[in-house]
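Here's the structure, in structure tokens; my notes come after.
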Amino acid sequence: MRLDASQGMAQLTKTLTAFREQAEDERATAVLIELDAGHADDAGHADWPGPVDVHTVNKWERALRQWERLDAVTLVAASGTCGGPAFDLLLAADVRIAAPDLRVTLPSASGGFWPGMALHRLTHRVGVSGARRLALCMAGAGVLDADQARELGVVDEITDAPDDRLAKVLAGTAERGDVRLLRGLIMDAPGTSFEDALGTHLAACDRALRAATVAESTDTEAPTGTRGER
């Protein structure tokens with residue numbers, strides 16, 4: 001999906017929800033959002049989310065969370081000046097690919113860093129020290145170029161040929177396992193001790209072993225007749 005980041009929060013919520021529901025209906029193995037920077041004067045969305053109420057913000061955050069937990073690999077390709085919703089989507093995606101001209105405008109509200117769930121994701125991505133520096137020292141006037149965004153972990157890589165890179169990434173998602181399960185184990189790891197995590201990981205291992213056994217049984221029981229036989 002190509003997302004116009006110049007849309008308001010309410011419309012973006014509807015667009016993202018519809019896209020997520022389509023991916024679920026089609027049982028997609030991977031989903032890609034290409035961020036459209038829009039016009040130069042409004043693409044940054046530095047003042048995000050604009051004149052909305054907290055209920056609208058709640059709907060956006062919930063839609064973003066549902067997309068973040070989709071049982072498919074989520075990818076975002078970004079170029080130009082991105083901020084606001086684009087910043088949220090970058091932090092929520094599994095794979096984040098940037099063009100060399102990317103500029104990330106840090107979201108602000110009333111002169112300070114916008115305290116949405118992007119701040120929570122940012123802390124997971126760049127650590128407490130990096131999040132503090134970005135949120136407390138760079139809000140409002142903060143703009144990251146592509147190299148800075150990669151160094152801080154806001155994007156994963158920079159490429160002059162995003163289409164070729166995305167094609168390679170998408171090709172590797174066919175045998176991706178249980179994305180939702182694996183993502184959950186990864187996201188819980190920083191705040192969970194080894195002892196507390198062991199039971200959950202063993203349950204996941206047991207599930208994988210059972211699935212492998214079922215797959216082997218199915219292959220063994222498959223008919224061996226030649227094509228055209230009935």
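The figures here come from the full heavy-atom set of this structure, side chains too, leaving out hydrogens, waters and symmetry mates.
Leu102 and Val126 fall within a single hydrophobic cluster, where Ile, Leu, Val, Met, Phe, Trp and Tyr are joined by side-chain heavy atoms under 4.5 Å apart, directly or via other members. Under the 4.5 Å side-chain contact rule for hydrophobic residues, Leu91 and Phe19 share a cluster. Note on Leu119: it clusters hydrophobically with Leu90, by side-chain heavy-atom contacts below 4.5 Å among ILVMFWY residues. No continuous path of ILVMFWY side-chain contacts below 4.5 Å connects Leu182 to Leu198, so the two sit in separate hydrophobic clusters. In the hydrophobic clustering of this structure, Met117 does not group with Leu64; members are Ile, Leu, Val, Met, Phe, Trp, Tyr whose side-chain heavy atoms approach within less than 4.5 Å, directly or through other members.
Between Leu12 atom CG and Thr56 atom OG1 the span is 12.0 Å, to the nearest 0.5 Å. To the nearest 0.5 Å, the span separating CG on Leu89 from CG on Leu3 amounts to 6.0 Å. Taken to the nearest 0.5 Å, the CZ atom of Arg69 stands 7.5 Å off from the CZ atom of Arg180. Rounding to the nearest 0.5 Å gives a distance of 10.0 Å between CG of Leu16 and CD of Glu21. Atom CZ of Arg27 is separated from atom CG of Asp71 by 10.0 Å, given to the nearest 0.5 angstrom. With values rounded to the nearest 0.5 angstrom, Asp145 atom CG is found 7.5 Å from Ile158 atom CD1.
Enclosure of atom NE2 in His201 by more than 12 non-hydrogen atoms of other residues, nucleotides or ligands within 6.0 angstrom is indicated.
Across every non-hydrogen atom of Arg183 and Val73, the tightest pair is NH2-CA, 4.4 Å. When every heavy atom of Pro49 is checked against every heavy atom of Met9, the shortest pair comes out as CB-CE, 3.1 Å. A pairwise comparison of heavy atoms in Val31 and Ala23 identifies CG1-CB, 3.5 Å as the closest pair. Residues Val154 and Arg96 approach most closely at O-NH1, 2.8 Å, considering heavy atoms. Taking every heavy atom of both residues into account, Leu32 and Ala77 meet most closely at CD1-N, 4.1 Å. Nearest heavy atoms, Ala63 versus Thr17: CB-OG1, 3.6 Å.
Between Glu68 and Arg121 there is a salt bridge, with a side-chain nitrogen of the basic residue lying less than 4.0 Å from a carboxylate oxygen of the acidic one. Between Glu24 and Arg20 there is a salt bridge, since a side-chain N of the basic residue sits under 4.0 Å from a carboxylate O of the acidic one. The existence of a salt bridge linking Arg150 and Asp156 is excluded, since no basic side-chain nitrogen approaches an acidic carboxylate oxygen closer than 4.0 Å.
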Verdict with supporting geometry, Trp114 and Val57, side-chain contact (heavy atoms from CB on, under 4.5 Å): CA-CA 11 Å; Trp114 169 243; Val57 176; 3.9 Å; yes
Trace of the side-chain contact (heavy atoms from CB on, under 4.5 Å) decision for Val95 with Thr74: CA-CA 6 Å; Val95 179; Thr74 56; over 6 Å; no
Chi angles and distances behind the side-chain contact (heavy atoms from CB on, under 4.5 Å) call for Leu106, Leu134: CA-CA 8 Å; Leu106 300 178; Leu134 288 173; 4.0 Å; yes
Steps toward side-chain contact (heavy atoms from CB on, under 4.5 Å) verdict (Thr105, Phe87): CA-CA 8 Å; Thr105 303; Phe87 187 69; over 6 Å; no
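Side-chain contact, Ser79 with Asp101: no donor N or O sits under 3.5 Å from an acceptor N or O.
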Please list every donor-acceptor pair under 3.5 Å in which a side-chain atom of residues 187-194 meets a protein atom from a residue at least two apart or in another chain.
from: Thr192; atom 1: OG1; to: Asp188; atom 2: O; distance (Å): 2.7
from: Ser193; atom 1: OG; to: Asp196; atom 2: N; distance (Å): 3.2
from: Ser193; atom 1: OG; to: Asp196; atom 2: OD2; distance (Å): 3.2

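For Trp67, there are no side chain to side chain donor-acceptor pair (under 3.5 Å) partners two or more places apart in sequence or in a different chain.
The closest side-chain heavy-atom distance from Leu152 to Arg133 is below 4.5 Å. In this structure, the side chains of Met1 and Thr15 come closer than 4.5 Å at one or more pairs of heavy atoms.
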